[in-house]
Amino acid sequence: MTDPSELIGLALAAGAEAADVMVAESDETPVGFEANRLKTIESKNSRAIGLRVIKDGRLGVAAATDMDNPRFIVDSAIEVSAFGAKAAFTLPPAVIPPSMDLVDPSLDDLPLDAMVQVGQRMIDGVRAVNPDVLCEAGVVKARSRVRIVSSTGLDVAYDKTTYATSVSGTLIRGTDILYVGEGEASCRSFDAVDWIIDETRIQLERAARNVSIRSGTMPVLFTHSGVAYALAGPLLSALNGRTVLQGASPLVDRIGETVADTRISVIDDPLTAWGPGSSPVDDEGLPTRRRAVIEDGVLAGFYYDLQTAGLAGVDPTGNGARSPGTLASPSIHALTFANGTDSVDDLIRDMDEGLIVELVIGAGQGNVLGGDFGGNVVLGYKVEKGEITGRVKDTMIAGNVWSSLRQVRAVGNDGRWVGGSFYTPSLLLDGVTIASKG
Amino acid sequence: MRDVVEAALAGHRADYIEIRLERSEATRISYRGRDLEEIGKTASSGGNVRALVNGGWGFVSFNDLGDLRAKVATAVEEARLAASAPLVMAPAQPFMDIVPATIVKDPRLVSLADKKGRLDQFNEIIWSTPSIQSSSIRYGDSWRETIFASTIGSWIQQERVDVTANIGAIARRGDEVEQSMISVGSLGDYGLIDGLDDEVRGVATRAVQLLDASYPGPGEQTVIMDPILSGVFVHEAFGHLSESDFLYENPRMQENMVLGTRFGQPHLNIVDGAAIPGLRGSYRYDEEGTPAQRTDLIREGVLVGRLHSRETAGVMGEQPTGNARAINYRYPPIVRMTNTIIEPGTTSFEDMLADTPDGIYARNWYGGTTTMEMFTFSAGEAYRIRNGKVEELLRGVVLSGNLFSTLGNIDAIGNDLLMNEGGGCGKGGQMPLPVSNGGPHIRIQQCMVGGRQ
């Protein structure tokens, strides 16, 4: 079993000025349900070791899953470095990261029976609401370890456990397909079954009838998943330090300027206890911290890995993500929107005419770089005179994040996590175009 | 190795067990901006065991190939825990075969210096175009060897070499940013990279032109799609619906997919198959050891077939089609497309165009998704058609529709054919799976076009 220090020693002996190693291992146990019943139990073990070198000032990287083949890794990393990008950073020094709540030992002992019961409860609960819903469900536990060792004396490692439960159902009437479902994820054990069933029940009730909606503009309420599916992509693209460095972000040179409504504040939060997106260090060994990217509508910062920060001439931000076989690139840990003050029930009651968007497909297929969002509304509801009248079909939305985030009618007080690494309240926005077949 | 594997499979109490072993190596080169950004090499090895007991599946995946018998025992135990009722998979014949990679020009024999040199040239083409803000190039090649063994008695070794490139240009003027890109791929042919200069030039030019393009305005349009986009269309708007794992335990959905149902006009013919040779989705055996074939899905507008794994075929009383695929050893096989094609018809593109008073001509592709009822995909470039003529460039053209009605709205099928081999399909967390899709020019009435006003 190759020790990271051995790889580093071999790399330095081969002429590298600096080198670091990432070791990533994980064990995952997914329990899967299909067609309303238990179907598959899996155990997945994976590991890889990767070496990043700086030789003659240039970057190379190589990785293997075989922990006993240091020659391949060192020779490959050195070989590719001859063609690599000039390094614009030096490896960070040793650090002692804070300990964080990321491991729940009870998950290691969580028996398969218990996981099976959770899945069956979710399915039985949804089918008690409507027995015609055909359900899939997943209950997954995992444990992972990341270790980063460098020639500058850095040696950090942290473990993380994760637990996730989700159910998704399809209700088919003729060729009309309705997808409903909900899920939750955390680094520690939880019981969200009742909440998941309840959220799914609400979707089934709201979508009980299909209704038509006119084409044109009207206020659009993006729920948590709506914000995640439709708006996150263009937002993250524009804040990505690499996109900014390329000059391809609409936010270039705008730090300190107003880019959104004053009620919009967005923070990258790697430190939430038990958050699946949390970590004490980034994948380059830099300590992580909470950073504002948008503060009361004003652009506060971008997110960088070491190389991008070096090229941009800015301080690194601890946002380097990589896998053993890749160099680092900028990545948000956990995007969190500040909670607002408006009750979503009140917002709906005050809507004379509007659309609620839960799920869209095709959101990433427009001009994401330019901030455009859009797509086909897979789950969305029409609001008329303060009431949800039913589900819309054959309806597309389109807009631009940098226009719509300046046309905020309200920010909900219902902030919550979506999928473990995105926190947002509902957002009621103007400036969204609706196209519907009727 | 073979005796170890076969010994590990023997003597367990399960209805069926498979072992898959895999080795692969890959090279990746990327540019984001003026200079090369990243170059790296990876080697991966590992395997998995899949076991079936009374309708329950156990699956174990690993990098450490030691103690294979214990891993099989674990998979069998998991299957037993997941068991509910007997599942009869479609019968399979055992095969013993060694399939070498299809290679036209081996990327492993091209030096890194040459690869970088070529990509430098592409980057230079982009950067020498005025108003270009940045470039984005991703190149990858890989070699993979898999071994498949099962309790039916199969032992199949297959090798595969893959080449992909994704080349994009970003143009900027003031606050406006636009991007244009191409995605290309091949089975075992580095020569794909040799011939791309004109296309790369086109990507750069188009990115700049998009800055001045108008938006189509939302609404229903007549759309003529080029062969590449019609490939993405058939993949999203019908291909996924043909994957029987969405159907086989879903009686209501099966009512919508009864063989013999009319989906389109008599000029429409759609096939999928890995047995069509030399394409990005081609192979000799699928991941369950079923020989690849060519499956008719739509013949003369009528549904005549679907894509199966042994499990879905068994449950539905149909024949396996060789469409069980896994992206790598970390995942079990599921039903996937391979090479999906709308067969050419008889109308020339010129006639199709001349016959279109008003609409959109859409080419190339940017991305696509489906929900089995609705599909969405976007055009890499699009133009307004007026009075039978292609006019101004449009941007932000996202097309959407209903799977069950859109095929019937195809009212013209071209007499040409091109394949899009740059696609990486995503399903069940397994992406990007190499696929190809293509067809002739086609014209669709009442296609929903999204977009800003």
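Each chain gets a letter, A, B and so on, in the order the sequences are listed, and its residues count up from 1. Everything numeric in this text was worked out from a predicted model, so none of it was measured.
Taking chain A as the reference chain and counting heavy-atom pairs below 4.5 Å, the highest number among B/V49, B/L36, B/L112 is found for B/L112. Counting heavy-atom pairs under 4.5 Å between each of B/Y248, B/W365, B/F62, B/F375 and chain A puts B/Y248 at the top. The candidate with the highest count of non-hydrogen atom pairs below 4.5 Å against chain B, out of A/D113, A/D132, A/V368, A/L311, is A/D132. Counting heavy-atom pairs under 4.5 Å between each of B/Q446, B/E176, B/M253 and chain A puts B/M253 at the top. In terms of heavy-atom pairs under 4.5 Å with chain A, the best-connected choice from B/A79, B/S45, B/S30 is B/S45. With chain B as the partner, the residue from A/G325, A/A64, A/A248, A/S81 showing the most heavy-atom pairs under 4.5 Å is A/A248. Per-residue counts of heavy-atom pairs under 4.5 Å with chain A were compared for B/E255, B/M257, B/E220; the largest is that of B/E220. With chain B as partner, the option from A/N36, A/V31, A/N45 having the largest number of non-hydrogen pairs under 4.5 angstrom is A/N45. Of the listed residues (B/S400, B/G219, B/S405), the greatest number of heavy-atom pairs within a distance under 4.5 Å of chain A belongs to B/S400. Your options are A/V378, A/I73, A/I172, and the one with the most heavy-atom pairs under 4.5 Å with chain B is A/I172. Comparing A/G247, A/G84, A/A82 by heavy-atom pairs within less than 4.5 Å of chain B, the highest count is held by A/G247. For the set A/D66, A/D176, A/L245, the count of heavy-atom pairs under 4.5 angstrom toward chain B peaks at A/D176.
Residue B/Y329 places its OH atom among more than 12 non-hydrogen atoms of other residues, nucleotides or ligands, all under 6.0 Å distant.
When heavy atoms are compared at a cutoff of 4.5 Å, A/N69 does not approach chain B at all. Neither the backbone nor the side chain of B/N48 comes within less than 4.5 Å of any heavy atom in chain A. Using a 4.5 Å cut-off between heavy atoms, B/A171 makes no contact with chain A at all. For A/N376, the parts sitting under 4.5 Å from any heavy atom of chain B are the backbone and the side chain alike. Residue A/L112 touches chain B through its side chain alone, counting heavy-atom pairs closer than 4.5 Å. Both the backbone and the side chain of B/E38 come within less than 4.5 Å of a heavy atom of chain A. Interface residue A/F83: backbone and side-chain heavy atoms are both found under 4.5 Å from chain B. Residue contact with chain A, scored on non-hydrogen atoms closer than 4.5 Å, is absent for B/D35. Interface residue B/R172: only side-chain heavy atoms are found under 4.5 Å from chain A. Contact annotation for A/L178: neither backbone nor side-chain heavy atoms come within less than 4.5 Å of a heavy atom of chain B. No part of B/T27 comes within reach of chain A, as not one of its non-hydrogen atoms sits under 4.5 angstrom from that chain. Within the 4.5 angstrom heavy-atom criterion, only side-chain atoms of A/Y179, from C-beta onward, approach chain B. For A/R37, the part lying under 4.5 angstrom from a heavy atom of chain B is the side chain only. Residue A/S249 touches chain B through its backbone alone, counting heavy-atom pairs closer than 4.5 Å.
The backbone N or O of A/I361 sits nowhere less than 3.5 Å from a side-chain atom of B/T369 that would complete a donor-acceptor pair. Between the A/K55 side chain and the A/E79 main chain, no donor and acceptor come within less than 3.5 Å of each other. Between the side chain of B/T371 and the backbone N or O of B/M374, at least one donor-acceptor pair lies under 3.5 Å.
Geometrically, A/K44 does not engage B/F59 in a cation-pi contact defined by less than 6.0 Å to the ring centre and at most 45° from the axis.
Here the side chains of A/V377 and A/L359 are not in contact, with every heavy-atom distance at 4.5 Å or above.
Of all non-hydrogen atoms in B/L65 and B/G47, the two that sit nearest each other are CD2-N, 4.1 Å. Shown here for B/L399 and B/A362, the closest heavy-atom pair between the two residues is CD1-CB, 4.4 Å.
Using a cutoff of 4.0 Å between basic side-chain nitrogens and carboxylate oxygens, A/E42 and B/R50 are not scored as salt-bridged. Using a 4.0 Å cut-off between a side-chain N of Lys or Arg and a carboxylate O of Asp or Glu, B/K116 and B/D120 qualify as a salt bridge. Salt bridge absent: B/E381 and B/R395 never bring a charged side-chain N and a carboxylate O closer than 4.0 Å.
To the nearest 0.5 Å, atoms CZ (B/F246) and OG1 (B/T312) are separated by 14.0 Å. Going from atom CE of A/M218 over to atom CG of A/D430 covers 11.0 Å, rounded to the nearest 0.5 Å.
Take B/Q221 and apply the side chain to side chain contact (heavy atoms under 4.5 Å, CB included) test, not counting sequence neighbours, and it matches B/V223, B/D358, B/I360, B/R384, B/V449.
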Stepwise salt bridge (charged side-chain N to carboxylate O under 4.0 Å, His left out) test for B/K41 and B/E25: CA-CA 7 Å; B/K41 272 196 179 178; B/E25 285 187 18; over 6 Å; no
